[in-house]
S.K.: 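Supplied in structure tokens, the structure appears directly below.
The sequence lines fix the lettering, A, B, ..., with proteins before strands; numbering per chain opens at 1. Values below: all heavy atoms of this structure, side chains included; hydrogens, waters and symmetry mates excluded.
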There are 2 protein chains.
Amino acid sequence: MTDGVAERSRPRDRILETAQDMFHKHGIKGVGVDAITEAAGTNKMTLYRHFESKDELIIECLRATAAKASRIWDEFEAKHPGDKLAQLHAWVQKASELLSADSRGCDMANAAVELTETDHPARRVIKELKEAQREKLVALCRDAGIGQAELLADTLSLLLEGARVSMQSVGAEGPSAQFVRMAESLIASFRAR
Amino acid sequence: MTDGVAERSRPRDRILETAQDMFHKHGIKGVGVDAITEAAGTNKMTLYRHFESKDELIIECLRATAAKASRIWDEFEAKHPGDKLAQLHAWVQKASELLSADSRGCDMANAAVELTETDHPARRVIKELKEAQREKLVALCRDAGIGQAELLADTLSLLLEGARVSMQSVGAEGPSAQFVRMAESLIASFRAR
DNA sequence: GCTGGAAGTTACAGACCGGTAACACCCTAG
DNA sequence: CTAGGGTGTTACCGGTCTGTAACTTCCAGC
């Protein structure tokens, strides 16, 4: 029915995959566990046998999303082995593609917006994962031979984060449409210094 | 008790102000109408006499927030009458101050993240208000004599939007800490063209 | 074929949600 | 003094939420 999830995988995997998808599309507080299990072709009891709470499921979803993002970084290295500057341009290109393909932005940032309780267990996970991603981009910039690597990486981060959230407010024809141009001219300007 | 809202204003104003504050702090779906009315020192019936639904209240809150932001723009004109470039720097400065003062970001962007239903009545309001703000910034850049005014305005928009959402994920010590430096060097670079 | 564990089913608890009805109150304008 | 509108109070509706209990069914490994 509303599946799209491979029918013959194990319930835990189906739940995780379905939850990722539904949290992404409808937001965390916009989806109940009943809806997830139904879409995953299973039931609530099975969910609670594999995840001790909805919060725990949320955290597992965020980790899974981060793992997917990590695999994309591997593609950069595979396509441009050793050429860090080419990988940086590939990062810009990939970010732009993801912007075009989907207008619901970053799951971790969205989760941070939704989960406002300062002691929510997902918040520390979000922070850890985001910091890891930041480190990766800083390293990439540095290895690409850019002087102020941290500053470039942080600027690119903010631009992308901004593009993703801007799309949700004003759509794809807003400021985010110029993301590639902004990012590329930024990189050029940092390389010229 | 949990007030902070002037006790002797009219119920409608107290509700609106309290709702703005609570939506901002805890998110829209994280606050029920009961909690709002209680904090505003009134009751649910009175809320529904002034607002036909929670959605309507949300929209009024967003409009009120935008109106506050609009008043900040008036300050720029008042402090630097006619000097658009100084006003642009004041914009950067003010944005930075707001970043330091509060880590819950932009109410409209946050609402867009939370309200995922594509036909939610608040979404068109968010888009309108955000587009109006964009126009203001573009006009300011253009009147400051900058060539590619749209591009600068959009870049600054994304940087600020990104800084606001980044703070919610990784805190004030993350990439957003460099916002002023990024914005100022951007402006300088655009002016040099 | 038997057995044990994973998965499905049904029902429910307890809380909270947005929204409404009915009625008592108070305060101000006439 | 009185009338009436704005406000407060209480109780309620139907729905949804996370999470659990008790029980049945299925299926793979022996």
S.K.: Nearest to the side chain of Lys44(B), heavy atoms from C-beta on, is which of dG18(C), dT20(D), dT10(D)?
M.R.: dG18(C)
S.K.: Atom CD of Glu52(B) to atom P of dT20(C): distance rounded to whole Å?
M.R.: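 Result: 9 Å.
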S.K.: Distance check needed: dG15(D) C1' versus Lys54(B) NZ, whole Å only.
M.R.: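 The distance from NZ of Lys54(B) to C1' of dG15(D) comes to 15 Å, rounded to the nearest Å.
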S.K.: For the side chain of Arg14(B), counting heavy atoms from C-beta on, which of dA21(D), dG18(C), dG8(D) is nearest?
M.R.: dG8(D)
S.K.: From C-beta outward on Met45(B), which listed nucleotide comes closest to its side chain: dA7(C), dT18(D), dA21(C)?
M.R.: dA21(C)
S.K.: Determine, step by step, whether Val165(A) and Asn110(B) satisfy the side-chain contact (heavy atoms from CB on, under 4.5 Å) criterion, reporting the C-alpha distance in whole Å, the side-chain angles of both residues, the deciding distance to 0.1 Å, and the verdict.
M.R.: CA-CA 9 Å; Val165(A) 69; Asn110(B) 290 353; over 6 Å; no
S.K.: Can a side chain N or O of Thr42(B) be found less than 4.0 Å away from OP1 or OP2 on dT7(D)?
M.R.: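 Answer no for this pair, as no side-chain N or O of Thr42(B) is under 4.0 Å from OP1 or OP2.
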S.K.: Any side-chain N or O of Ser53(B) under 4.0 Å from OP1/OP2 of dG18(C)?
M.R.: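 Negative; the distance criterion is not met.
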S.K.: So for Arg49(B) and dG5(D), does any side-chain atom that can act as donor or acceptor lie under 3.5 Å from a complementary atom in the base?
M.R.: no
S.K.: Thr46(A) side chain N/O closer than 4.0 Å to the phosphate oxygens (OP1, OP2) of dG8(C)?
M.R.: yes
S.K.: Is there a side-chain polar atom (N or O) of His50(A) under 4.0 Å from OP1 or OP2 of dA6(C)?
M.R.: no
S.K.: Rounded to whole angstrom units, what separation is found between the CG atom of Asn43(B) and the P atom of dA21(C)?
M.R.: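 Rounded to the whole Å, the gap is 16 Å.
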S.K.: Applying side chain to side chain donor-acceptor pair (under 3.5 Å), run through Lys136(B) and Ser70(B) and close with a yes or a no.
M.R.: CA-CA 10 Å; Lys136(B) 273 194 181 180; Ser70(B) 196; 2.9 Å; yes
S.K.: Would a distance-only check, ignoring hydrogens and angles, find a side-chain to backbone donor-acceptor pair under 3.5 Å from Ser96(A) to Val92(A)?
M.R.: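 Checked: no pair found.
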S.K.: Side chain of Arg12(B), base of dG6(D): donor and acceptor closer than 3.5 Å?
M.R.: no
S.K.: Do the side chains of Met182(B) and Leu88(B) join up, straight or via other hydrophobic residues, at under 4.5 Å, putting them in one cluster?
M.R.: yes
S.K.: If you look at every heavy atom in Pro175(B) and Val170(B), which pair is closest and at what distance?
M.R.: CD-CG2, 4.0 Å
S.K.: Give the nucleotide from the list dT20(C), dG8(D), dA7(C) with an atom nearest to the side chain of Tyr48(B).
M.R.: dT20(C)
S.K.: Any idea which of dG19(C), dT18(D), dA21(D) is nearest the Asp34(A) side chain?
M.R.: dT18(D)
S.K.: Could you pick out which residue, Val31(A) or Pro11(B), lies toward the 5' side of DNA chain D when each is mapped onto its nearest nucleotide?
M.R.: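 Looking at DNA chain D, the more 5' nearest nucleotide goes with Pro11(B).
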